[in-house]
Peer 1: 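Supplied in structure tokens, the structure appears directly below.
Positions are given from 1, in the same order as the sequence printed here. For ligands, and for the atoms within them, numbers begin at 1 and follow the listed sequence.
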Amino acid sequence: MPIPTSRTKNKAAILIDESLCTGCGKCVDSCSDFDLEMFNGKVRESANPVFGCIACGNCMMVCPTNAIKIEGRCLTAGDIFELPAKESVSDYKSLLSLLQRRRSIREFKDKAVEPEKINQILEAAQTAPMGIPPSDVHVLVLENKDQVHRFAEEYSVFLKGMRWFASNWFLILMRPFWGKANDEMMRSFIKPIFGVYVDKMEKGENWINYDAPLAMYFYGSPYADPADPIIAATYAMIAGESLGLGTCMLGAIHPFIQNSKNAEKFRKKWGVKYKSREGLFVVFGYPKPNFKKGVKRSFADIAFVR
Ligand SMILES: Cc1cc2nc3c(=O)[nH]c(=O)nc-3n(C[C@H](O)[C@H](O)[C@H](O)COP(=O)(O)O)c2cc1C
């Protein structure tokens, strides 16, 4: 059975032009689904595919004679393009500099992000590895400060109606079910967040999304791998940095707009098509702070197996 996504439940069609096939076998080697095999010196569709063609496109990208075409699962031969020249690729040093200069930005200049830059962020984010093609990442774009602010105001009202979630009686009730670490996180992080988000907003301070001039919400569908939207959001963040924008991820919106009737209403109102296991907001804008120094961060643990 083909792998379902929110966009398609079919496998892609494999079209082979035998007159162009030289029998080099590169497509067979690169096929991620064992969908192709050699027969009498030519490639043909395998009788025993694992899932059916998932439309990764590898075969079209390696074929030296354009003898193979994939149609379906949101892919066509027209999606194949010439690679940028190797010399135009950023090297490790310039990539590391970009990453080291990045800081989470929570204060933005009163300047809109140009539509061209919004498109560039989306273009770059769509190069992210996407699990099983086609990508099941959905993006909601709030493309100006007014939209971003309105979202925060409505989210704050929505959150106010959920305050019971961080109340003492609920935390005591839930502790045996969700365990010590969750209990500690709820008390020390989530409970104060409810207060900060709602109370500050009522005083005119937006700590939810900082009145950024641009926000993007990356989320999946019930079919998506939970990692997919997070990876896409990370790519978008790095693209934003490369365009001279400051960025910040916002993790405290997605989890609360998943599991209730009101959450469903809120999602519907804002055009969020699915509830999903993971999702992430990223805000963008021209940064006010001008950091002079960086800060070294570290993983909790890096263990090499010897
Ligand atoms: C998944 C994720 C969620 C985050 N959520 C928020 C958030 O809701 N609000 C916020 O101000 N910062 C948020 N941040 C930013 C972190 O607070 C920030 O990365 C951290 O303070 C380290 O600072 P740096 O990014 O400048 O290194 C989030 C970061 C990540 C990775």
Side-chain angles (χ1 to χ4, degrees), residues 95-109 121 125 128 137 139-140 142 145 148-149 151-156 158-160 162 165-166 181-182 184-201 203-220 224-258 263 266 270 272 276-301:
L95 177 64
L96 185 65
S97 300
L98 180 78
L99 299 177
Q100 283 178 327
R101 289 184 65 89
R102 183 204 62 80
R103 282 277 70 76
S104 288
I105 298 297
R106 300 175 178 90
E107 284 179 285
F108 300 95
K109 289 183 183 158
I121 292 168
V137 174
V139 190
L140 177 76
L142 307 173
K145 191 173 154 182
V148 173
H149 183 80
F151 183 95
E153 270 189 338
E154 291 185 19
Y155 180 64
S156 145
F158 164 79
L159 215 52
K160 205 171 172 179
M162 280 187 72
F165 188 74
N182 274 327
E184 284 174 2
M185 281 307 281
M186 286 297 296
R187 286 176 191 280
S188 61
F189 183 54
I190 304 297
K191 194 176 162 74
I193 270 198
F194 270 71
V196 167
Y197 277 11
V198 175
D199 299 343
K200 293 274 180 194
M201 202 69 195
K203 288 182 194 135
E205 280 178 61
N206 178 0
W207 283 36
I208 295 171
N209 56 26
Y210 308 111
D211 282 345
L214 172 66
M216 292 185 188
Y217 173 39
F218 296 83
Y219 64 97
D225 188 297
D228 293 352
I230 310 301
I231 297 168
T234 308
Y235 269 50
M237 172 182 245
I238 294 167
E241 294 288 330
S242 78
L243 294 165
L245 299 170
T247 62
C248 188
M249 288 175 166
L250 307 176
I253 300 172
H254 169 85
F256 296 112
I257 59 170
Q258 302 308 309
F266 186 87
W270 282 93
V272 177
S276 63
R277 281 176 289 172
E278 282 299 345
L280 196 57
F281 271 80
V282 187
V283 287
F284 305 81
Y286 290 95
K288 260 192 192 166
N290 185 8
F291 290 103
K292 302 279 181 226
K293 302 249 163 61
V295 59
K296 196 169 172 217
R297 304 238 188 257
S298 60
F299 284 139
D301 184 32

Peer 1: In the protein, what heavy atom is nearest to atom 25 (O) of ligand 1, and what distance, to one decimal place, separates them?
Peer 2: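 It is S104 OG, 2.6 Å.
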Peer 1: Do me a favour and list the nearest non-hydrogen protein atom to atom 17 (O) of ligand 1 with residue, atom name and distance?
Peer 2: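 I find the closest protein heavy atom is R106 NH2, 3.0 Å.
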Peer 1: Going by the order shown, which atoms of ligand 1 are within less than 4.0 Å of some heavy atom of R103?
Peer 2: 24 (P), 26 (O), 27 (O)
Peer 1: Would L280 count as being in polar contact with ligand 1, using the rule that some N or O on each side must be under 3.5 angstrom apart?
Peer 2: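 No; the residue has no nitrogen or oxygen that sits under 3.5 Å from a nitrogen or oxygen of the ligand.
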Peer 1: Check each atom of ligand 1 against the heavy atoms of A252 and keep those under 4.0 Å away; list them by number with element.
Peer 2: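 Selected atoms, number and element: 8 (O).
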Peer 1: Can you find a heavy atom in the side chain of K200 that is under 4.5 Å from one in the side chain of N206?
Peer 2: no
Peer 1: Are any of the heavy atoms in Y197 under 4.0 Å away from ligand 1?
Peer 2: yes
Peer 1: What verdict does the side chain to side chain contact (heavy atoms under 4.5 Å, CB included) test give for T247 and M249, after you've listed the backbone C-alpha separation in whole Å, the side-chain angles of each residue and the deciding distance to 0.1 Å?
Peer 2: CA-CA 7 Å; T247 62; M249 288 175 166; over 6 Å; no
Peer 1: With under 30° as parallel and over 60° as perpendicular, where do the rings of Y155 and F151 fit, or are they tilted in between?
Peer 2: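 Correct class here is parallel.
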Peer 1: Measure the shortest side-chain to side-chain distance between R102 and M237 over non-hydrogen atoms and say whether it is less than 4.5 angstrom.
Peer 2: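 Yes, side chains in contact.
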Peer 1: What pair of heavy atoms forms the shortest contact from G220 to S276, and how long is it?
Peer 2: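 G220 and S276 have their closest heavy atoms at N-OG, 3.2 Å.
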Peer 1: For atom CH2 of W207, is the number of surrounding heavy atoms from other residues, nucleotides or ligands below 6.0 Å larger than 12?
Peer 2: no
Peer 1: Does an N or O from G251, backbone or side chain, lie closer than 3.5 Å to an N or O of ligand 1?
Peer 2: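 There is such a contact, yes.
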Peer 1: Return the option from M249, R297, E278 holding the heavy atom at the smallest distance from atom 7 (C) of ligand 1.
Peer 2: M249
Peer 1: Tell me which protein heavy atom sits closest to atom 10 (C) of ligand 1, plus the residue, atom name and distance to 0.1 Å.
Peer 2: Y210 OH, 3.4 Å
Peer 1: Measure the shortest side-chain to side-chain distance between Y217 and I253 over non-hydrogen atoms and say whether it is less than 4.5 angstrom.
Peer 2: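 Sidechains of I253 and Y217: no contact.
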